[in-house]
Amino acid sequence: MEITILKVVKADHFWAIETFGTSMSEETRKFLQLTQQMNDFFSMDQAMCVPAQGQLCAGRRPDDKLWYRVRVKNILHSKSGPQACCFLLDYAKECLIPCHWLREAPPQFMQLPWQAREFHLYGLQPTTLTTDELTFVTDTQPCDRYDTAANEYVNKLVDESCGARVDVHYVDSNGVSHVKLYLRRTTNTVCVNDDLVSKGYAKEDKEEPSTSEGEESPVRRRNKVPSIGERLLQGLMPQKWEEPSRTQAQFTSHSPSGRPLSLAGHQMSALGLTIGDGVAVKGDIPPKPCTMLEKATFPEFIKQYLETENFPAPSKVQAYCWPAIMRGRDLVAMAPAKMGKTLAYLLPLMTQLAQTAGFEGLPEGNGPRSIILCPYWNSARYVYDQCWNYIADQKSTKVLLIFGAGAEDDQMVPLINGCDLLIATPRCLLRMLEKRYTNLDRLCHLVVDDADTLTEVYTDEIKSLMRLYGKAIADQPDRSAPRQIVLMARQWTAGIESFHRAYMTQPLLVFTSKVEEAVYSKVKQIVQVVHSTQRYTQLLGLLDQLETGGHKILVFAGSDAEAEGVAQ
Ligand SMILES: Nc1ncnc2c1ncn2[C@@H]1O[C@H](COP(=O)(O)OP(=O)(O)OP(=O)(O)O)[C@@H](O)[C@H]1O
């Protein structure tokens with residue numbers, strides 16, 4: 001089959017489409033007709049379809065105003081309204097499409113297999129050079145992934161070629177064709193599989209597929225269009241855009257522990273949703289909570305983990321965070337200790353990282369796709385240990401833990417080799433960035449765990465990290481990859497207030513504790529300055545007054561001893 005290579009993902013992994021021309025297959029002919037039909041069918045007068053993550057639909061690409069078959073990857077909020085980050089299924093490209101340019105596609109447009117096909121080079125295992133620490137003898141060893149030199153080499157071969165052909169060896173159960181790739185050059189034709197072996201980037205590995213689909217031809221591929229039932233189960237059914245009823249609220253808040261001293265006059269446009277379970281969600285278009293584990297749209301390896309843990313249901317914070325984080329929303333969630341905050345962000349994060357297809361727009365390099373910041377080494381270690389519950393069977397997601405002064409040089413090699421998820425304390429991460437062992441160029445998901453502590457105790461470090469991240473983003477004006485910031489905390493603090501204003505885009509705020517929500521949005525604070533000797537008298541007077549109104553009263557004290565005194 002003659003192909004046009006659309007994108008080289010790695011040395012042995014690429015996307016391509018059958019070359020259009022006189023010798024193209026019947027399916028490719030049908031595709032060209034379908035493109036014409038779609039562009040005749042869709043118009044801007046038709047009703048928009050409201051996108052959900054993973055949904056298949058038709059979208060009008062702003063660049064050329066043509067209609068394409070797309071998969072919605074996530075929804076981003078921009079000044080010009082919601083934009084869907086879409087994967088063009090026939091061209092293996094990502095682009096941003098305004099949500100009102102998306103249309104539900106009738107089944108006749110979705111039946112023809114996607115034309116962008118995924119290919120893997122057949123029969124290869126990557127190799128790398130290793131040096132024995134004792135003898136200094138260098139040897140080529142099999143490894144898990146191609147190094148940057150191999151990726152660059154294949155990219156260069158493709159750039160310099162004037163045509164490509166594949167011999168399909170087999171098609172696996174995911175529809176990926178395992179092939180021998182031949183590139184035509186002006187003087188000769190190169191078999192890339194053989195070339196990678198001869199150049200020492202790979203060794204031959206003729207392992208046969210374990211599936212029985214060895215003889216399947218690529219044209220027998222089927223689009224994975226979920227049935228209506230499946231879509232309902234996966235939460236992919238289009239939901240209605242509900243225009244949030246905006247409320248103006250005024251807050252005044254005070255606390256000796258660094259909470260905002262005064263938010264008086266601060267006006268917040270928010271959808272204040274206090275739901276029956278005592279959870280309050282603020283922010284535009286909050287997704288529906290996931291109240292049953294079976295309804296969570298996690299991949300198999302996470303579902304299996306949840307089954308083994310035998311949790312009865314998602315905790316409150318998980319119910320609200322899972323769908324929001326999966327949709328790519330910025331989020332701040334407040335919940336007391338031991339409410340399952342770690343899994344509230346870790347499971348959707350691992351899910352997104354496992355979908356490598358979402359990150360095509362990232363620059364090459366070794367920077368992590370996600371970072372979890374923790375204040376202390378033991379909290380970082382706890383999160384890292386939790387990760388092992390799901391990554392044991394998920395080798396494609398590489399997780400690294402770094403912390404501790406002085407140990408940086410031991411951590412240099414794994415960092416330079418790159419990882420998907422980096423769990424770090426802020427100071428250590430800054431040192432690693434200064435030494436250029438890693439970078440923030442590919443960072444898509446930043447989680448600040450224990451954000452109340454981090455933003456208060458490590459304010460300068462967090463500011464420096466955010467400055468570096470801002471610069472990395474600014475250096476990539478065409479970047480289309482996701483960008484998400486998630487803050488997890490026990491309580492709302494002045495540090496979180498400043499952080500979310502400075503760096504987050506229309507975040508959802510989730511309060512699972514009534515006290516936190518009250519501090520944030522409902523308490524009218526009246527400050528009375530009294531001499532310390534009169535405090536108890538004043539307090540008792542207030543309590544007398546309030547008691548007659550049948551109010552519940554919460555008294556905060558500065559220490560255990562003082563709390564005892566108040567109680568007595
Ligand atoms: N849905 C669930 N149902 C029952 N137990 C859960 C659920 N999710 C997590 N847990 C368990 O609850 C315990 C506490 O979880 P976790 O450490 O994430 O809490 P946390 O809110 O982050 O606490 P902290 O604020 O102290 O860090 C863990 O042992 C975890 O396995």
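When a ligand or atom number is given, it counts from 1 through the structure's own listing order. Just the heavy atoms: all of them, side chains too, but no hydrogens, waters or symmetry mates, feed the values below. Given the structure is predicted, the values throughout are model-derived calculations rather than measurements.
At least one side-chain heavy atom of W492 sits under 4.5 Å from a side-chain heavy atom of L509. V176 places none of its side-chain heavy atoms less than 4.5 Å from the side chain of H13. At least one side-chain heavy atom of F298 sits less than 4.5 Å from a side-chain heavy atom of P348.
Open room surrounds CG on D560; 12 or fewer heavy atoms of other groups in view lie less than 6.0 Å from it.
The backbone N or O of R490 sits less than 3.5 Å from a side-chain atom of D452, completing a donor-acceptor pair. Judged purely by atom type and a 3.5 angstrom limit, T291 has no side-chain atom pairing as donor or acceptor with the backbone of P314. The backbone N or O of R329 lies less than 3.5 Å from a partner atom in the side chain of Q484, making a donor-acceptor pair.
Residue E309 places no N or O, backbone or side chain, under 3.5 Å from any N or O of ligand 1. Every N/O-N/O distance between A337 and ligand 1 stays at or above 3.5 Å.
Atom 23 (O) of ligand 1 has K338 N, 2.8 Å as its closest protein atom, hydrogens excluded (heavy atom only). Closest protein heavy atom to atom 4 (C) of ligand 1: F311 CD2, 3.3 Å. For atom 24 (P) of ligand 1, the nearest non-hydrogen atom of the protein is R490 NH2, 3.5 Å. The single protein non-hydrogen atom nearest to atom 25 (O) of ligand 1 is K341 NZ, 2.7 Å, given as residue, atom name and distance. For atom 17 (O) of ligand 1, the nearest protein heavy atom (residue, atom name, distance) is Y382 OH, 2.6 Å.
Not a single protein heavy atom sits closer than 4.0 Å to atom 29 (O) of ligand 1. Protein non-hydrogen atoms do not reach within 4.0 Å of atom 12 (O) of ligand 1.
Counting atoms of ligand 1 from 1 in the listed order, those under 4.0 Å from a heavy atom of M339 are 19 (O), 20 (P), 21 (O). Ligand-side atoms of ligand 1 in range of T342: 16 (P), 17 (O), 18 (O), 22 (O), range being under 4.0 angstrom from any heavy atom. Close approach of ligand 1 to A313 (heavy-atom distance below 4.0 Å) involves ligand atoms 1 (N), 2 (C), 3 (N). Against a heavy-atom cut-off of under 4.0 Å, G340 is close to the following atoms of ligand 1: 9 (C), 15 (O), 16 (P), 18 (O), 19 (O), 20 (P), 21 (O).
With rounding to the nearest 0.5 Å, the separation of CG in L346 from CD1 in I302 is 8.0 Å. In this structure, CG in L89 is found 5.5 Å from CZ in R71, a value given to the nearest 0.5 Å.
Ligand 1 lies within reach of S315, whose nearest heavy atom is under 4.0 Å from it.
Residue Q318 touches ligand 1 through its side chain alone, judged by heavy-atom distances below 4.0 Å. When heavy-atom distances to ligand 1 are checked against a 4.0 Å cut-off, M488 has no atom that comes that close, whether in backbone or side chain.
A salt bridge does not link E307 with K303: every distance from a Lys NZ or Arg NE/NH1/NH2 to an Asp or Glu carboxylate oxygen is 4.0 Å or more.
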